[in-house]
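Here is the structure we will look at, set down as structure tokens.
In what follows, every heavy atom counts, from backbone to side chain, and hydrogens, waters and symmetry copies are set aside. Each chain gets a letter, A, B and so on, in the order the sequences are listed, and its residues count up from 1.
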Amino acid sequence: KRTQQSIRNYFNVK
Amino acid sequence: MFEARLISATILKKILDAIKDLLNEGTFDCSDSGIQLQAMDNSHVSLVSLTLRSDGFDKFRCDRNISMGMNLGSMAKILKCANNDDTVTIKAQDNADTVTFMFESPNHEKVSDYEMKLMNLDQEHLGIPETDYSCVVRMPSMEFARICRDLAQFSESMLICCTKEGVKFSASGDVGSANVKLAQTSSVDKEEEAVSIEMQEPVTLTFACRYLNAFTKASPLSGQVQLSMSADVPLVVEYRIQDLGHIRYYLAPKIED
């Protein structure tokens, strides 16, 4: 089973 | 004072079509270098980044940096009122709470203007790091759209596997499985028809078909699409907008639990 990641896990909030 | 003019409304209509399925609203950040929009979709799975350079506009003036929050559904309603060959001018005063879209027919005999209320959007800005991608695939945008549409019938997710031999798109579900392999083209009549692969390391990643299909709404903007991939980082799907800028979509992968 694969889980959808959030884009926020990869890019820092400025 | 902000004023930006494009010779043809078509390009703006296409840009809006490319983002309005993913975003309900967005902030257009305007400076003397151009217009930028960066926003995540509602579920924070993908990020849209639009860049329009000031030198790509027929006329561009931006005395002070302004951020204009717009409801994209409302903007779409307004752009529907423009003919494709109309000139479009976007205007706003400094610190204004409205933006005006002015459409002029080619013979200048019909001039319409539509004023739209701006919104105060509290949006997070994400810093996107410079990344050297393991694989960069360039291919015809219509081909990519076709593959995403076809494979979405089989599964919610699609596997993209890139090696030096080519790129393979796969999906499997209850109905069965589907595989589409594209090899790098050796020679083509038109540059737009080429498939090219730059590979440092092979990559296999899984992505949600729904988002890939949403990104392909940008296909009318460009004959080619570029897919940049590295293991365990978001995919970048880029459409260049000739002489004006680009739209990039970042999509978080699906990973094994």
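The distance from the CG atom of A/N12 to the CG atom of B/L126 is 8.5 Å, given to the nearest 0.5 Å. Here CZ of A/R2 is found 4.5 Å from CD of B/E256. Values are rounded to the nearest 0.5 Å.
Contact of B/T206 with chain A is made through the side chain alone, with heavy-atom distances under 4.5 Å. When heavy atoms are compared at a cutoff of 4.5 Å, B/D41 does not approach chain A at all.
Heavy atoms only, all atoms of each residue included: A/Q5 and B/V45 are closest at O-CG2, 4.1 Å. A/I7 and B/S46 make their closest contact through CG2-O, 4.0 Å (heavy atoms, listed as atom of the first residue, atom of the second, distance).
The 12-atom threshold is exceeded at CG of A/N9, counting heavy atoms of other residues, nucleotides or ligands nearer than 6.0 Å. Atom CE of B/M142 has 12 or fewer neighbouring heavy atoms from other residues, nucleotides or ligands inside a 6.0 Å radius.
Put simply, the side chain of A/Q4 gets close to the backbone of B/A252: a donor and an acceptor are under 3.5 Å apart.
Remark: aromatic rings of A/Y10 and B/Y250 are distant, center separation not under 6.0 Å.
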